[in-house]
Amino acid sequence: MGVKIFNGKDVQDFLRIIANLDGAGGNERAKQVVHRIVSDLFKTIEDFDLTPDEVWLGINYLNKLGSEGEAALLAAGIGLEHYIDMRLDAEDAELGITGGTPRTIEGPLYVAGAPEQKSKARLDKNPDPDAGPLRIHGRVTGPDGAPVADALVEVWHSDSKGFYSHFDPTGRQSEFNLRGAIRTGADGRYEVLTRMPASYGCPPSGATQTLLNQLNRHGNRPAHVHFFVTTDSFRKLTTQFNIEGDPLIWDDFAFATREGLIPHVVERTGGQAVGFEEDGYRDIEFNIELTPKVAGKDNQIVERARAAA
Ligand code: MBD
Ligand code: FE
């Protein structure tokens with residue numbers, strides 16, 4: 001099936017020229033990575049005997065992906081973002097770092113710059129009658145269980161349609177709706193009053209869902225709440241919890257669900273006493289245990305392009 005030229009001298013020499021492996025200058029690491037990726041691509045074309053039409057379909061797919069700004073969404077969907085977490089977990093295991101709240105993926109929908117509030121924040125700025133009141137609270141501690149003061153707890157989640165402010169296709173949410181940044185006091189506590197998120201679905205006609213359709217996979221996530229927890233003393237934690245009972249919890253297209261990140265949802269009354277308009281509300285306690293720096297440094301800090309407002 002198909003011609004076999006990949007292992008021949010012509011193609012192997014060509015691959016070295018493409019990446020300028022034998023030339024001076026450039027970025028050595030980039031040269032090696034480009035050489036490997038282009039080689040793997042050429043080999044894939046040969047092994048599957050891809051037709052020119054199929055190759056151009058793939059090129060056009062990349063244009064669609066980029067023009068829609070969905071590359072980071074696809075990274076979640078093909079498990080690339082979770083794979084990075086698996087590598088960070090393995091690195092921790094190798095260093096003997098155990099315990100702490102599990103990390104899980106950031107996802108593509110964080111927005112920097114939410115105004116900081118002390119100990120407690122109300123996140124819902126727009127009415128959302130389909131989303132009931134939700135209180136989220138907990139304590140930030142170090143590995144020794146002692147409370148961490150001055151931790152910045154950033155929280156973000158979707159509305160009842162699964163849409164996030166700043167990225168909402170309906171344009172209905174105001175800036176930083178359902179996003180907050182809470183600074184802990186001496187007791188290490190944070191508290192958030194907000195409204196229940198719902199499950200997220202990839203844009204149905206977008207590049208990510210287009211690829212998932214080819215795999216007969218859905219592009220949905222269980223309802224979840226994202227966290228960044230940043231301090232001076234410990235490693236930054238990137239995590240999320242899922243809303244208990246969501247049928248997609250173990251069927252997340254982005255592979256973010258982990259044991260330890262499904263806190264109980266408790267039905268409570270007395271909402272006015274905690275600051276809601278309603279009497280009945282749901283309550284989630286989510287405590288956060290941070291992990292130590294390595295030789296005084298956060299060895300796993302992730303820099304990536306992020307939206308800001
Ligand atoms: C999300 O809300 C999300 O968290 C991820 C990882 C991907 C798409 C939407
Ligand atoms: Fe999300």
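No experiment lies behind these values; they were computed from the predicted model shown.
In this structure, Phe255 has its ring center at least 6.0 angstrom away from the ring center of Tyr83. For Tyr200 and Phe163, the ring centers are positioned 6.0 Å apart or more. The ring of Trp156 has its center no closer than 6.0 angstrom to the ring center of Phe176. Taking the ring centroids of Phe276 and Tyr281, they lie under the 6.0 Å cut-off.
Connection of Phe234 to Tyr190 is established within a shared hydrophobic cluster, with ILVMFWY side chains joined at heavy-atom distances below 4.5 Å, either directly or through further cluster members. Neither Ile105 nor Leu212 shares a network with the other; the hydrophobic side chains, linked directly or stepwise wherever heavy atoms of I, L, V, M, F, W or Y lie under 4.5 Å apart, form separate groups for each. By the rule that hydrophobic residues join a cluster once side-chain heavy atoms approach within less than 4.5 Å of another member, Tyr164 and Val225 end up as members of separate clusters. Clustering ILVMFWY residues whenever any of their side-chain heavy atoms sit less than 4.5 angstrom apart, transitively, puts Phe286 in a cluster other than the one holding Tyr110. Hydrophobic cluster membership is shared by Val265 and Leu261, with clusters built from Ile, Leu, Val, Met, Phe, Trp and Tyr side chains linked at under 4.5 angstrom.
Remark: the backbone N or O of Lys125 is paired with a side-chain donor or acceptor of Asn177 at under 3.5 angstrom. Between the side chain of Thr104 and the backbone N or O of Ala256 there is at least one donor-acceptor pair closer than 3.5 Å. For Arg282 (side chain) and Arg268 (main-chain N/O), no donor-acceptor pair under 3.5 Å exists by modelled atom type. Judged by distance alone, with hydrogens and angles left aside, the side-chain atoms of Arg183 form a donor-acceptor pair with the main-chain N or O of Asp150 at under 3.5 Å.
The two residues Lys293 and Gly296 come nearest to each other via the heavy atoms CD-O, 3.5 Å. The two residues Leu73 and Cys202 make their nearest non-hydrogen contact at CD2-SG, 3.9 Å. Between Gly26 and Lys31 the shortest heavy-atom distance is CA-CE, 4.4 Å. For the pair Lys120 and Ile182, the tightest heavy-atom approach, listed with the atom from each and the gap, is N-CG2, 3.6 Å. In terms of heavy atoms, Gly107 sits closest to Arg304 at O-NH2, 3.3 Å. Taking all atoms of both residues into account, the shortest heavy-atom contact from Leu15 to His35 is O-CD2, 3.4 Å.
Taking a 6.0 Å sphere around NZ of Lys118, one finds it holds more than 12 heavy atoms contributed by other residues, nucleotides or ligands. When the shell of 6.0 Å around CZ of Arg87 is examined, it contains 12 or fewer heavy atoms from other residues, nucleotides or ligands. Counting heavy-atom neighbours within 6.0 Å of Phe14 CZ, excluding the residue itself, gives a total of 12 or less. Under a cut-off of 6.0 angstrom, the local environment of CH2 in Trp56 is sparse, with at most 12 non-hydrogen atoms contributed by other residues, nucleotides or ligands.
For the pair Arg195 and Glu278, the salt-bridge criterion is met [side-chain N within less than 4.0 Å of a carboxylate O]. Between Arg16 and Asp22 a salt bridge is recorded (basic side-chain N to carboxylate O distance below 4.0 Å). Under 4.0 Å is where a charged nitrogen must lie from a carboxylate oxygen, and between Glu68 and Lys64 at least one such pair does. One finds no salt bridge joining Glu289 and Arg235 here, because no Lys/Arg side-chain nitrogen approaches an Asp/Glu carboxylate oxygen to under 4.0 Å. The pair Glu154-Lys236 does not meet the salt-bridge criterion, since no charged nitrogen lies less than 4.0 angstrom from a carboxylate oxygen. By the 4.0 Å N-to-carboxylate-O rule, Asp168 lies too far from Lys161 to be salt-bridged with it.
The one candidate from Asp92, Asp85, Thr238, Thr291 that meets the side chain to side chain donor-acceptor pair (under 3.5 Å) condition with Gln300 is Asp92.
A donor-acceptor contact under 3.5 angstrom links the side chains of Asp283 and His137, judged on distance only. Glu70 and Thr208 share a donor-acceptor pair across their side chains, judged by distance under 3.5 Å alone. In the model, Ser199 has no side-chain atom that pairs as donor or acceptor with a side-chain atom of Asn220 under 3.5 Å. Side-chain atoms of Thr257 and Asn242 form a donor-acceptor pair, as typed in the model, at a separation below 3.5 Å. No hydrogens or angles considered: a donor-acceptor pair under 3.5 Å links the side chains of Asp251 and His218. Using modelled atom types and a 3.5 Å distance limit, the side chains of Asn126 and Gln173 yield no donor-acceptor pair.
Atom CD of residue Glu244 and atom NE2 of residue His264 lie 5.5 Å apart, to the nearest 0.5 angstrom. Here the CG atom belonging to Leu178 is positioned 11.5 Å from the NE2 atom belonging to His226, to the nearest 0.5 angstrom. Residue Ile97 holds its CD1 atom at 5.0 Å from CG of Leu95, rounded to the nearest 0.5 Å. From Arg122, atom CZ reaches atom CD of Gln117 across 11.5 Å, with rounding to the nearest 0.5 Å. The CG atom of Asp40 sits 11.5 Å away from the CD1 atom of Ile45 when rounded to the nearest 0.5 Å. Between the CD1 atom of Ile284 and the CG atom of Leu134 there is a distance of 4.5 Å, given to the nearest 0.5 Å.
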(message) Set out, in order, the CA-CA distance, both residues' side-chain angles and the distance that settles side-chain contact (heavy atoms from CB on, under 4.5 Å) for Ile136 and Phe227, then state yes or no.
(response) CA-CA 12 Å; Ile136 304 166; Phe227 288 81; 4.2 Å; yes
(message) Could you walk me through whether Ser165 and Arg179 satisfy the side-chain contact (heavy atoms from CB on, under 4.5 Å) test, starting with their C-alpha distance in whole Å, then the side-chain angles of each, then the deciding distance to 0.1 Å, before giving a yes or no?
(response) CA-CA 8 Å; Ser165 62; Arg179 298 175 185 275; 2.9 Å; yes
(request) Assess whether side chain to side chain donor-acceptor pair (under 3.5 Å) is satisfied between Asp10 and Gln12, documenting all intermediate values. (result) CA-CA 6 Å; Asp10 283 356; Gln12 291 304 311; over 6 Å; no
(message) Walk me through whether Tyr61 and Leu74 qualify under side-chain contact (heavy atoms from CB on, under 4.5 Å).
(response) CA-CA 12 Å; Tyr61 178 82; Leu74 181 67; 3.8 Å; yes
(message) If you apply the rule side-chain contact (heavy atoms from CB on, under 4.5 Å), what do you find for Val153 with Thr184, and how did you get there?
(response) CA-CA 8 Å; Val153 180; Thr184 59; 4.1 Å; yes
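A heavy-atom distance below 4.5 Å is not found between the side chains of Gln272 and Glu277. Residues Glu91 and Asn299 meet the side-chain proximity criterion, which asks for heavy atoms closer than 4.5 Å. Contact annotation: the side chain of Glu54 approaches that of Thr51 to within less than 4.5 Å [non-hydrogen atoms, C-beta and beyond]. Using a 4.5 Å heavy-atom threshold, the side chains of Ile18 and Phe42 count as touching. Here the side chains of His157 and Thr194 are in contact, with some heavy-atom distance below 4.5 Å. In this structure the side chain of Arg103 reaches within 4.5 angstrom of the side chain of Arg258, judged on heavy atoms. You'll find the side chain of Phe241 stays beyond 4.5 Å of the side chain of Thr101, heavy atoms only. The side-chain heavy atoms of Ser39 and Phe6, taken from C-beta on, include a pair separated by under 4.5 Å.
Residues satisfying the salt bridge (Lys or Arg N to Asp or Glu O under 4.0 Å) test with Arg306, not counting sequence neighbours, are Glu106.
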